[in-house]
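Here's the structure we're looking at; comments come further down.
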Amino acid sequence: MVSNENGIHIRPASIIARCAAQFQSEIELEAEGKRVDARSIFDILLLAATKGTSVQIIATGEDHYKAAHAVAALFREGFPLDPVPEHLA
């Protein structure tokens with residue numbers, strides 16, 4: 001769920017995209033019936049996810065478990081500037 005007061009704007013979208021790019025797995029975000037590529041800042045912005053929006057993380061591939069947990073941590077931790085939380089690197 002998006003807890004960021006301003007929703008997912010350019011800064012959180014870029015943090016998500018940078019994090020997703022570090023994994024081999026395909027990572028997608030889904031919200032309100034829209035599914036987008038988590039490596040694309042533009043696609044993430046198209047979700048127009050405001051505070052309180054439920055976002056599902058879909059990861060498929062070799063490192064899908066780590067990828068999904070790293071992106072989920074970003075949502076939990078309020079989109080810190082370090083794109084992959086240290087405990088998941």
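Residues: numbered from 1 along the sequence shown. Side chains included, hydrogens not; waters and symmetry mates left out as well; all remaining heavy atoms used. Being a predicted model, the structure only gives us computed values, none of them experimental.
Once rounded to the nearest 0.5 Å, the distance linking CD1 of Ile27 with CD of Gln22 reads 9.5 Å. Note that CG of Leu45 is 4.5 Å distant from CD1 of Ile10, once rounded to the nearest 0.5 Å.
Ring geometry, Phe79 versus Phe75: the interplanar angle exceeds 60°, so the pair is classed perpendicular (tilted spans 30 to 60°).
Side-chain contact between Thr53 and Met1: absent, with no pair of heavy atoms (C-beta onward) separated by less than 4.5 Å. Residues Pro12 and His9 have side chains in contact (heavy-atom distance under 4.5 Å, counting atoms from C-beta outward). Side-chain contact between Ile58 and Arg35 is present, with heavy atoms from C-beta onward closer than 4.5 Å.
Partners of Glu26 according to the salt bridge (Lys or Arg N to Asp or Glu O under 4.0 Å) rule, which considers only residues two or more places apart in sequence or in another chain, do not exist here. Listed by chain and residue number, nothing satisfies the salt bridge (Lys or Arg N to Asp or Glu O under 4.0 Å) test with Lys34 (two or more places apart in sequence, or in another chain). Scored by the side chain to side chain contact (heavy atoms under 4.5 Å, CB included) test, Ala72 finds Ile57, Arg76 as partners (sequence neighbours excluded).
In this structure, the side chain of Asp63 engages the main chain of Gln24 through a donor-acceptor pair within 3.5 Å. Looking at His69, its side chain never comes within 3.5 Å of a backbone N or O of Lys66 through a donor-acceptor pair. No donor-acceptor pair closer than 3.5 Å links the side chain of Asp37 to the backbone N or O of Glu28.
In terms of heavy atoms, Ile44 sits closest to Ala13 at CD1-O, 3.6 Å.
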